[in-house]
Every structure is written in C-alpha cells, then in structure tokens.
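Order of the sequence lines sets the chain letters (A, B, ...), proteins ahead of strands, with each chain counted from 1.
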Protein chains: 2
Amino acid sequence: MYFVYNLVMVESNLDKAAPESGSEELQVLRTSSLTGVLERELQNLILTGNLKPGQKLNEIKLSERFGVSRGPLREATRALAARGLVDFFPNRGVFVRSIPFDEALEIYDVRAAVFGLAGRLLVDLVTDDMLTKLYGFVDTMDALARDKHFESYYPVNLEFHQFLIGSTRHKTLQTEYNHLVNKLHLCRAKALVQPGSLALSNREHREMVDSLASGDKLRSQEAFFRHVERAKRRLQAALKETENASFGAE
Amino acid sequence: MYFVYNLVMVESNLDKAAPESGSEELQVLRTSSLTGVLERELQNLILTGNLKPGQKLNEIKLSERFGVSRGPLREATRALAARGLVDFFPNRGVFVRSIPFDEALEIYDVRAAVFGLAGRLLVDLVTDDMLTKLYGFVDTMDALARDKHFESYYPVNLEFHQFLIGSTRHKTLQTEYNHLVNKLHLCRAKALVQPGSLALSNREHREMVDSLASGDKLRSQEAFFRHVERAKRRLQAALKETENASFGAE
DNA sequence: GTTTTGTAAATTGTCAACAATATTGTCCAA
DNA sequence: TTGGACAATATTGTTGACAATTTACAAAAC
C-alpha cells in the first residue's frame with residue numbers, strides 16, 4: 001500500500017474538473033501523500049531546532065532515516081525551499097535556511113503590518129468574554145514579569161498572541177502570520193531578549209487590549225503594529241549590545 | 001551536460017559550510033536547475049492565463065512538452081503548490097489553483113496591510129524627484145480616466161504601484177506583496193472593475209502621494225491601506241451586481 | 001610549509017521502469 | 001434506456017540505476 005491516510009477517505013462526489021479548493025476533506029488528503037508527510041516531518045525538525053540553520057540536508061542519509069527513496073524527499077525539500085525554510089544550491093545540496101539579521105528585521109516589519117491588520121479586524125469581532133480573557137492573559141503576564149518567572153512568561157505570551165490571531169477568523173491572515181513567525185525561528189539571534197523588557201512588552205499588551213475595548217480601529221491597528229515594531233527594536237538593541245560586548249572582549 | 005547556467009560561474013571563496021544566503025551569484029545559480037526553470041516556466045503559463053484556474057497539469061504531457069522526465073516536473077509542481085499557485089490532490093493530480101471569492105477578499109486585506117506598510121516606510125524615503133514622478137503618474141491617469149482611455153490606464157496604474165513598492169527597498173515587503181498580487185490573478189472575478197471607478201481610484205492615488213508629501217507616517221499608511229480596501233469594496237460591489245444581473249436573467 | 005593538481009569517493013541530477021490508484025468505456029441485467 | 005459490475009486504459013506514486021558534478025584527499029610542485 002502506498003499511502004496511510006490520516007483520516008478515512010470520505011465519499012467524494014466530485015466531477016472530473018478540479019475539486020473545489022474549499023473542500024475540507026481533500027485538504028486532509030492532500031497532506032497525506034508520502035511527500036506531504038516528509039514535508040511536515042522536515043518542517044518540524046527544522047522549527048524545533050533538530051535541524052539547525054546552515055545545516056545540510058543529505059538526501060541519502062535522510063531517505064535512509066525515513067525509509068523512503070530520494071524522489072519524494074526531494075519533492076518535500078523543494079516545497080520547503082519554496083516556503084523559504086531551506087535553501088537550494090544546484091549540485092551542492094539543500095541547507096536549512098539561516099536568516100540574516102537584516103532580513104529578520106524586515107520580517108518584523110511585515111509581521112507588524114499583518115498583526116496590525118489583526119488589531120483592526122478584531123475591533124469588530126471582540127466580545128466581552130474575549131476582553132475578560134485577554135485582560136486575564138495580561139494580568140497573568142504582569143504577575144509573572146513582576147515575580148521574574150521568565151520561563152513561565154513565554155508560553156503565556158505565545159498563547160496570548162495565538163489567541164488574538166486565531167480570533168480574527170481570517171485564514172489568509174493566520175497563514176501569512178504563521179509563515180512569518182516560522183521564518184523568524186531561523187534567525188540565529190532570536191533569543192536575545194532581555195528579561196527587563198518583559199514588563200515593558202506587557203504594557204504594550206495592555207494598551208492593545210484597551211484599544212480593542214475602545215472600538216477605535218485605527219488606534220487598535222497602530223497598537224498592534226507598534227507592539228511588533230518595538231519587539232523588533234528590542235531585538236535590535238540586544239543585538240547591538242552583544243556586538244559591543246564581543247567587541248570589548250577582543 | 002546537465003545545466004545551462006545563465007551567467008558564468010564566478011569564483012567562490014566558500015568554506016564547506018552553508019553558503020551565505022546573501023551571495024548574489026548563488027542566487028542566480030539557484031534558479032538555473034532544470035527544476036527551477038520548469039518552475040518559472042509553469043508559473044509564467046499560469047500567471048499569463050495559458051494555464052487557466054481549475055485546469056489539470058498532466059505530468060506526462062507536460063514532461064513531453066518540455067522534453068524532460070517527470071521527476072523534475074513533479075519537483076517544480078510541488079514548489080508551486082507550496083506557494084499556493086496549484087493544488088495537489090493525491091492520486092488525482094495537480095490543478096491550477098482557483099481562488100474562491102471569499103479568499104480573494106481575504107487576500108485583499110493582507111495586501112492592504114502590506115501596502116500600508118509601504119506607505120508608512122516611504123514617508124522616510126521619499127524625495128522631491130520621486131514626488132514629481134508620482135504626481136506625474138497621477139496626472140497621466142487623471143487624463144486617461146477623463147478621456148476614457150481605459151486600456152491605457154491599467155499599465156500606468158500598474159507601473160505606479162510597482163514604482164511605489166520598488167521604492168521601499170524592502171525585499172521582504174516586495175516579495176510578499178508580489179505573491180499576494182499573483183494569487184489574486186487566480187481569482188476568476190478579477191476583471192470586473194467598472195470604468196466609472198477609475199477616477200475614484202485615482203483620487204485615492206493623489207491622496208496617497210499627498211500623504212507622502214505631508215511626511216505623516218500614519219496618514220500615509222492609512223491612505224495606502226484604504227486604497228486597497230476600497231479596491232476590494234469595488235470588486236465586491238461589481239460581484240454583487242453580476243450576481244443580481246444573472247439572477248435577474250434567470 | 002604552502003599551494004596546486006589529479007584522482008577517488010560521495011552526492012546530486014535525471015531518467016526510465018514498475019507498482020498502485022484513478023478513470024474510462026463496455027457489457028450485461030433490470 | 002438506465003444502472004452497476006468489470007475489464008482496459010491512463011495517470012500518478014515510488015523506486016533504483018546511471019550520469020554529472022562536487023567534494024575530499026593525497027601526491028607533486030614550488
């Protein structure tokens with residue numbers, strides 16, 4: 001048997017033409033080809049850091065590791081290359097993409113724009129329940145930042161952002177946003193944020209929720225936008241600091 | 001011989017590690033694999049409409065047409081699938097993606113956000129020369145709209161937008177923006193804009209340039225954003241009209 | 001000691017054959 | 001005629017083999 005479908009195939013009343021792309025079952029099937037599985041598997045390895053930026057993906061070794069031939073593997077890496085997670089160099093091989101600082105900063109800009117759109121859209125979608133939940137997130141993070149529980153802060157922070165993005169009910173926005181965040185994982189200097197900036201960052205979170213409550217679309221868009229832009233600035237500052245530090249150490 | 005390189009290979013002083021992704025020569029080489037050529041070729045066929053949304057890409061016929069085997073062709077289609085230009089259905093084949101209206105509207109939203117970012121960034125980059133050039137575009141379009149030279153309007157309109165995006169000197173923005181625009185080409189109802197809205201649209205263009213001249217980032221971002229959102233609204237309206245028309249015709 | 005050069009090994013690029021699945025068309029029965 | 005089983009065909013999925021290229025390494029030249 002060639003494929004192991006994750007879900008049972010549903011009866012499809014498709015005519016010969018292209019199936020309507022909105023069809024949910026087929027989206028599931030689509031991810032179930034061997035190539036699709038490999039693509040997801042490799043993406044996980046990359047995003048979890050098992051495959052590190054700059055590392056080479058050896059076709060033979062990987063195909064042996066997964067127990068498949070090189071064909072589907074190459075198709076999977078081509079897909080990852082198209083999505084910017086790996087680099088393809090003819091006759092040299094495939095390498096996990098290593099995103100330089102300049103590009104990371106650019107990604108922050110686009111991410112800010114998309115996140116700002118989320119803020120703008122959410123004004124029309126926000127409910128009282130959502131607001132209390134959001135303020136709950138912010139209060140929790142305030143407490144964690146005050147007590148310096150840095151390890152606990154990040155998961156809550158992530159959940160907060162994911163809840164916001166998910167609440168937009170805007171598939172394209174969600175997809176694009178996640179792609180941008182994924183790419184930022186491939187930047188070496190991602191984990192340079194200093195603990196002191198946590199309280200600062202959370203003040204921005206509160207302003208974001210306040211702006212949602214205010215019902216002012218422009219204010220909300222700008223609050224969301226600036227939050228990401230300031231995160232960018234914080235990374236930039238941390239970067240400069242380590243540069244100076246390493247310069248002083250020489 | 002396997003490859004026909006577009007440019008001669010330049011001497012590369014690379015160590016064994018992954019080549020720095022910024023290196024320009026390698027970017028050129030990267031596009032020169034057989035798969036890369038096929039990918040570009042297929043993309044052209046799709047974006048020019050030679051391959052229409054919903055149409056099937058037969059592997060055998062295409063491989064014969066291009067004189068290559070199915071392997072590289074499949075890799076190329078996988079890359080296109082990852083970029084959302086085609087749909088992959090296991091055991092059924094590859095189809096040119098047909099973007100439904102709902103998704104097209106969503107794409108307009110994200111495009112508005114990215115275009116708004118362009119407006120925000122350009123405030124800091126705009127020069128007097130650019131402003132006169134931009135006003136020139138707007139004046140030209142005003143004249144063409146007044147004289148109802150609709151065929152001539154669109155190329156100028158396109159050039160105007162491309163000039164703006166290109167002037168940002170922001171690679172990530174440019175890439176993302178172009179991807180979004182490409183995707184919109186795959187929506188059946190793209191060419192429904194009514195001639196009457198041209199003058200309206202160009203009024204927004206003038207406001208965009210005015211806002212750039214004003215030096216007000218927020219105003220500029222909002223002007224750029226709203227221009228795309230209004231284009232979306234115009235498409236929406238045109239869509240509803242044809243719906244009513246076909247409904248009335250029944 | 002360093003650089004260059006040439007050969008062997010490893011790796012990537014491509015192809016063609018085969019297996020599995022989907023599609024088409026035909027025959028038969030109701 | 002219509003509808004369903006069934007065979008024939010077409011198409012996709014996967015694999016392994018071979019060609020071309022790069023890389024690694026050792027020997028020779030400076």
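Among the protein residues, Leu73(A) comes within range of no part of the nucleic acid, since none of its heavy atoms lies under 4.0 Å from any strand. Gly71(B) comes within 4.0 angstrom of nothing in the nucleic acid, heavy atoms only. Here Leu62(B) lies out of heavy-atom contact (under 4.0 Å) with every strand.
Distance, Glu75(B) CD to dG13(C) C1': 8 Å, rounded to whole Å. One atom, CG of Leu34(A), and another, C1' of dG13(D), lie 9 Å apart when rounded to the nearest Å. In this structure, CZ of Phe95(B) is placed 11 Å from C1' of dT12(D), rounded to the nearest angstrom. Between Arg70(B) atom CZ and dG13(D) atom C1' there is a gap of 7 Å when expressed in whole angstrom units. The nearest whole Å value for the distance from the CZ atom in Phe66(B) to the P atom in dT14(C) is 14 Å. Note: CZ (Arg74(A)) to P (dT11(C)) measures 14 Å, nearest angstrom. Look at CD on Glu64(A): it is 12 Å from C1' on dA10(C), rounded to the nearest Å.
Between Lys171(A) and Glu103(B) no salt bridge is recorded (no basic side-chain N to carboxylate O distance below 4.0 Å). One finds a salt bridge joining Lys232(A) and Glu229(A) here, because a Lys/Arg side-chain nitrogen approaches an Asp/Glu carboxylate oxygen to under 4.0 Å.
For the residue pair Arg83(B) and Gln43(B), a side-chain donor N or O sits within less than 3.5 Å of a side-chain acceptor on the partner.
Relative ring orientation between Phe137(B) and Phe160(B) is described as perpendicular, the plane-to-plane angle rising above 60° on a 0-90° scale split at 30° and 60°.
Residue Val96(A) is tested with Asn50(A), Leu85(A), Leu57(A) for a side chain to side chain contact (heavy atoms under 4.5 Å, CB included); the sole match is Leu57(A). Looking at Glu59(B), Glu64(B), Glu75(B) one by one, the single match for side-chain hydrogen bond (donor to acceptor under 3.5 Å, both in side chains) with Arg70(B) turns out to be Glu59(B).
Listed nucleotides dG13(C), dT14(D), dC15(C) differ in distance to Ser69(A); the shortest reach to its side chain belongs to dT14(D). In this structure, of dT15(D), dA17(C), dT12(C), it is dT15(D) that holds the atom nearest to the side chain of Val68(A).
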Could you run down the sub-3.5 Å N/O contacts of the protein with nucleotides 5-11 of chain D?
{"residue": "dT11(D)", "atom": "OP1", "partner": "Asn58(B)", "partner atom": "ND2", "Å": "3.2"}

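Cation-pi geometry between Arg78(A) and Phe88(A) is met: under 6.0 angstrom from the ring centre, within 45 degrees of the axis.
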